[in-house]
2 protein chains.
Amino acid sequence: MTDTKTALLRSAERAARTKGFDGFSYADLAADVGIRKASIHHHFPAKADLTLAVMQRYHVAFAETCDRIDAAHTTGGARLHALIAAYRSALGNGEMVCLCVAFSISRDHITTDVRAAMGDFRQMMLEWLTATFTRGNGDGTIAQVADPAAEARAALALLEGAQLAARTQADPTAFDAALALMSSRLG
Amino acid sequence: MTDTKTALLRSAERAARTKGFDGFSYADLAADVGIRKASIHHHFPAKADLTLAVMQRYHVAFAETCDRIDAAHTTGGARLHALIAAYRSALGNGEMVCLCVAFSISRDHITTDVRAAMGDFRQMMLEWLTATFTRGNGDGTIAQVADPAAEARAALALLEGAQLAARTQADPTAFDAALALMSSRLG
DNA sequence: GTCTATACACAGATAGAC
DNA sequence: GTCTATCTGTGTATAGAC
């Protein structure tokens, strides 16, 4: 993979998370990366190819983030706290959201491949969250866990909704405000 | 307001909530309503005018929904349950989201007026939710309420995030799954 | 109030030179 | 691998007839 290809993926991810799938063009990427837009087609023949590659790269990167969290923290509470921090830092200054959130709005304009990749990503997150709530319930570091799978579904919706709130208000502290109750349950 | 204008507003709202602000065009509306796209400019000179009108109409309609809920239910728990049902039914078959959610992704492409209207809408919802959690805490119909304002912020994020989940999976029951924990707190 | 016709910008994409 | 040049479709918006 050449530097140009990586630069394109990075630029496309940022653009998608800032402006949505429909909100960025090859012209934007070309200006950002410093090549002509025709050259992008050499690396990604169609925008659908680029979009799928961005999603896959994002999935791998986030899986690594989860692995790093698991390696760095042992209790469920500490792991969940670290995940919340990861979503928080992904906000930037309140202008970005998770790739899944950005794509779900443009759902009808993206290909089946990308939709499937979005489903895979969410499934991975739900499984990680379920395991983390189960662990936090066992070690007593997450309060009031009755149903870990239900907690996981609610937590993912809360994390994504909090990102939306921060973006809508262009204020990352709106994320913190939405997560305050959840955070207060972590020991 | 003529029938055509109302039809345009209705069509535009549905399109925005289904495909996002960047995802529908005057051509789409024209085909849906049954006039030519040039005729739309007679009612809404620019797309920004149409978008603002859709947002304002939505705000008024949702405020009326909240009023109807307050008139029909006395306890905090029953009112919150009714609001959850309202968000649930707004999903359609999993293809639509709340207008705020749909617009927040396209935030950089919409005008200042519309952004301000989005902020007004969210503020109204937060105030209604805070009052409802306060009431539910007082009458004992919502369990474990420590901070009504914090509950309101978390609940709004959860509702919006649950809509995203349902849309991503094209399955309205994903909304129910994300709200299950919250619903179990209502007496 | 709606139409046809059109202007203008920009989208994604391709051909072919270098 | 990148470029210039170009194609085709579509977007918003306008002019002027009916």
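Within every chain, numbering begins at 1; the chains are lettered A, B, ... in the order of the sequence lines, protein sequences first and strands thereafter.
With B:Lys47 contributing its side chain and B:Phe21 its backbone, the two residues share a donor-acceptor pair below 3.5 Å. Between the side chain of B:Thr65 and the backbone N or O of B:Ala61 there is at least one donor-acceptor pair closer than 3.5 Å.
Atom-to-atom, NZ of B:Lys47 to P of D:dA13 comes out at 9 Å; the value is rounded to the nearest Å. Atom CZ in B:Phe44 sits about 18 Å away from atom C1' in D:dT14, given to the nearest Å. One interatomic measurement links the two molecules: CD1 of A:Ile40 to P of C:dA13, which rounds to 11 Å at whole-angstrom precision.
The line from CG of A:Leu8 to CG of A:Leu29 is 6.5 Å long, rounded to the nearest 0.5 Å. Distance CG/B:Leu50 to OG/B:Ser11: 9.0 Å, rounded to 0.5 Å.
Under the 30°/60° scheme for interplanar angles, the aromatic rings of B:Phe121 and B:Tyr58 are found to be tilted.
The pair A:Asp22-B:Lys19 does not count as a salt bridge, with every side-chain nitrogen at least 4.0 angstrom from each carboxylate oxygen. Between A:Arg122 and A:Glu160 there is a salt bridge, since at least one side-chain N of the basic residue sits less than 4.0 Å from a carboxylate O of the acidic one.
A heavy-atom distance below 4.5 Å is not found between the side chains of B:Met96 and B:Arg167.
For residues 23-33 of chain A, proximity to DNA chain C is found at A:Phe24, A:Ser25, A:Tyr26, A:Ala27, defined as any non-hydrogen atom under 4.0 angstrom from a strand atom.
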Expected rows: protein N/O vs nucleotides 2-5 of chain D N/O, under 3.5 Å:
{"residue": "D:dT2", "atom": "OP1", "partner": "A:Thr4", "partner atom": "OG1", "Å": "3.0"}
{"residue": "D:dT2", "atom": "OP2", "partner": "A:His43", "partner atom": "NE2", "Å": "2.7"}
{"residue": "D:dC3", "atom": "OP2", "partner": "A:Arg36", "partner atom": "N", "Å": "2.5"}
{"residue": "D:dC3", "atom": "OP2", "partner": "A:Ser39", "partner atom": "OG", "Å": "2.8"}
{"residue": "D:dT4", "atom": "OP2", "partner": "A:Arg36", "partner atom": "NE", "Å": "3.1"}

